[in-house]
There are 2 protein chains.
Amino acid sequence: MPSGSSGQATINDIARLAGVSKKTVSRVINRSPLVHPETREKVEALIREHNYAPDPMARGLAFRKSFLIGMIYDNPNAQYIVHMQNGALDSLRGSGFELVVHPCDSKNADYVDGVRQFVLQQRLYGVILVPRVSEDQALVDMLREIDCRYARIGAVELDDHTSMITTNDREGAVEVAKYVESLGHRHIGLITGPHRYLSARERGGGFLQTLAQRGIKVPAKYTVEGGYTFESGVACAERLLALTPRPTVIFALNDEMAAGVYKAAYRLGLRIPDQLSVVGFDDSPLASRLWPSLTTVRLPIRDIGLRAAAMLLQEPGSNAAPVAFTPHLVVRESCQPPE
Amino acid sequence: MPSGSSGQATINDIARLAGVSKKTVSRVINRSPLVHPETREKVEALIREHNYAPDPMARGLAFRKSFLIGMIYDNPNAQYIVHMQNGALDSLRGSGFELVVHPCDSKNADYVDGVRQFVLQQRLYGVILVPRVSEDQALVDMLREIDCRYARIGAVELDDHTSMITTNDREGAVEVAKYVESLGHRHIGLITGPHRYLSARERGGGFLQTLAQRGIKVPAKYTVEGGYTFESGVACAERLLALTPRPTVIFALNDEMAAGVYKAAYRLGLRIPDQLSVVGFDDSPLASRLWPSLTTVRLPIRDIGLRAAAMLLQEPGSNAAPVAFTPHLVVRESCQPPE
DNA sequence: CTGAAAGCGCTTACAG
DNA sequence: CTGAAAGCGCTTACAG
């Protein structure tokens with residue numbers, strides 16, 4: 001018989017029914033070991049029976065921290081964001097924590113201050129930092145300064161492993177290099193992402209280095225810098241396809257740009273994969289919807305989101321193992337040996 | 001000189017500095033008219049000076065409502081979700097409200113109860129209901145029962161206009177019908193969405209009805225029901241393209257399925273638009289990345305999200321005008337007159 | 001137009 | 001292992 005007008009039981013109801021103080025109920029809620037097992041069971045039974053859940057605002061007010069996790073991102077790839085959100089929610093479910101989204105524009109000078117206000121005003125429990133904001137040391141420094149927990153997702157280990165999730169983008173690009181080489185391609189084009197993106201440097205570096213190790217040198221003009229957008233993919237592909245000898249394969253460092261390569265190729269009347277092989281990176285929905293379907297590299301984004309949120313909920317003291325993921329090549333229909 | 005250890009000023013700091021009671025500061029925060037203009041100005045100046053923002057948890061606890069807006073959705077289209085979120089955040093910015101995301105699975109019998117728990121436990125201020133969950137009357141009935149405000153987005157006016165945003169999907173399909181007819185097509189294929197989706201019924205109905213008004217009858221077998229997925233688009237297109245006479249145009253009720261039509265056409269060696277015209281619906285990123293780029297129908301999703309959030313923040317008493325949007329045809333390269 | 005009191009539902013010290 | 005007191009930072013209901 002709840003006392004609140006909202007029909008929800010409160011800690012006082014449970015305490016009264018259990019014949020204990022509310023402090024004891026509080027101990028049960030917070031999994032304090034200092035509760036007699038019998039008392040604990042009685043309280044837990046009552047909690048279940050009344051479907052009691054502590055009010056996050058009351059708890060947060062006393063705790064001086066909300067039960068909210070912020071997801072901070074500046075990533076134009078909607079599928080990536082939604083997968084990441086779903087993964088984070090997978091691990092938040094049942095924990096009493098909720099996910100608050102905070103898109104931002106890292107090109108805007110005062111976005112760090114915007115995040116600061118957000119964290120402070122909402123008294124966020126912690127934040128998930130998605131690339132590319134996760135690569136911004138100024139942002140991270142600010143978060144440390146205001147003592148906000150964070151989980152940072154990045155292509156290489158940028159931080160202490162208790163707050164870092166490493167995606168090893170380089171390894172995905174290495175796989176692409178080996179695959180392309182094994183098919184027999186020797187005239188190879190590369191469309192990189194913006195150089196300020198760590199992912200672009202890692203992917204591009206891993207690709208070129210692996211080819212070099214296998215004796216394949218990619219001349220400088222066969223590497224062009226794109227902007228991770230469809231349009232830049234079209235433009236970069238047009239430049240590459242005007243080269244002599246024409247590349248027989250183009251690796252675009254994300255799927256968006258790979259789709260741009262398709263467009264440029266079709267405009268020139270080049271058939272994929274017969275006359276031009278193409279590889280992307282991300283395994284976005286686009287990849288399987290293009291025709292022919294795109295060979296690309298996949299990272300388990302949802303799992304990454306899950307681990308990021310789980311990392312935030314972990315006891316600060318617990319010594320967790322480093323969290324790392326490895327991307328994998330997904331072979332579809334867009335590559336074949338050169339004619 | 002804030003008293004809190006977090007470095008954030010509290011209502012007590014402002015009250016003390018202004019030489020008024022905290023109740024008066026509270027009145028200023030809550031825009032009560034019962035404050036002397038001079039007092040108000042003094043308090044407001046102090047608020048600005050100290051960059052004071054009321055603690056949403058303390059406020060929510062006293063208010064018995066959080067400053068959180070939930071976005072409830074069951075929509076596989078990531079771009080749609082992200083645009084909607086961005087729109088909602090556009091209108092929440094600076095209001096002190098934040099957006100909490102809640103994906104769910106409306107095929108799961110107890111998803112309504114999941115939403116109920118979410119709303120009750122977080123004491124949500126209100127929720128934005130995105131199609132297809134916005135079409136579920138059982139969900140809405142539950143929300144009314146627990147007295148939770150909602151903004152409902154749907155193809156037709158399903159509810160009181162103070163909580164309804166109407167997207168008029170039918171009108172977009174009417175435009176498609178007129179366009180297709182004007183190009184001279186007479187053998188027309190339609191791939192609908194699942195019949196339980198209001199959007200599918202509205203789009204399909206508007207299309208067929210408009211054609212009928214113009215004297216074009218689409219035989220029953222030229223209409224097939226897809227699942228709003230890429231794969232269903234492929235399968236449905238294969239059925240349609242096996243018909244005699246073969247349709248010279250296919251209207252797929254979303255872009256995903258239209259991409260499937262592309263795949264089926266290419267497999268059969270049919271060139272788009274020379275031998276087959278295609279129209280989609282949504283103007284997803286896919287649409288402009290396909291080759292040839294897809295003629296489709298666009299709805300301003302971000303604006304819709306913005307209006308939905310704004311509707312929730314509106315004073316309950318204020319008599320707002322109905323909010324409606326009209327979709328528009330975006331002509332690209334995927335249609336031409338039949339050969 | 002303004003304020004003192006009580007309370008929202010929890011937790012943090014502190015004491016035992 | 002358990003609890004009474006005080007407090008987190010606000011608002012409601014009441015009084016003036």
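In what follows, every chain begins at residue 1, and chains take the letters A, B, ... in the order their sequences are listed.
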Considering only [options], which nucleotide approaches the side chain of [X] most closely?
{"X": "B:P37", "options": "C:dC1, C:dG3, C:dC10", "value": "C:dC1"}
{"X": "B:N30", "options": "D:dT11, C:dG3, D:dT2", "value": "D:dT11"}
{"X": "A:A58", "options": "C:dG9, C:dT2, C:dA4", "value": "C:dG9"}
{"X": "B:F63", "options": "D:dT12, C:dC10, C:dT11", "value": "D:dT12"}
{"X": "B:A62", "options": "C:dT11, C:dC14, D:dC10", "value": "D:dC10"}
{"X": "B:R27", "options": "C:dT2, C:dC14, C:dG9", "value": "C:dT2"}

Determine: side-chain N/O of [X] to OP1/OP2 of [N], distance under 4.0 Å, yes or no.
{"X": "B:Y52", "N": "D:dC10", "answer": "yes"}
{"X": "B:T39", "N": "C:dT2", "answer": "yes"}
{"X": "B:T24", "N": "C:dG3", "answer": "yes"}
{"X": "A:N12", "N": "C:dC10", "answer": "no"}
{"X": "A:R59", "N": "C:dG9", "answer": "no"}
{"X": "A:S26", "N": "C:dC10", "answer": "no"}
{"X": "B:R64", "N": "C:dC8", "answer": "no"}

**Message:** Check this for me, if you would: do B:R16 and B:D13 make a salt bridge, where the nitrogen-to-carboxylate-oxygen distance has to be below 4.0 angstrom?
**Reply:** yes
**Request:** Ignoring hydrogens and angles, tell me if any N or O in the side chain of A:R307 forms a donor-acceptor pair with the backbone of A:G305 under 3.5 Å.
**Result:** no
Interatomic distance where [atom1] belongs to [X] and [atom2] belongs to [N] [whole Å]:
{"X": "B:K23", "N": "D:dA13", "atom1": "NZ", "atom2": "P", "result": "10 Å"}
{"X": "B:F67", "N": "C:dC8", "atom1": "CZ", "atom2": "P", "result": "18 Å"}
{"X": "B:L34", "N": "D:dT12", "atom1": "CG", "atom2": "C1'", "result": "14 Å"}
{"X": "A:K65", "N": "C:dG9", "atom1": "NZ", "atom2": "P", "result": "24 Å"}
{"X": "A:L61", "N": "D:dG7", "atom1": "CG", "atom2": "P", "result": "14 Å"}

**Position toward the 5' end of DNA chain C (nearest nucleotide), B:V35 or A:V25** = B:V35
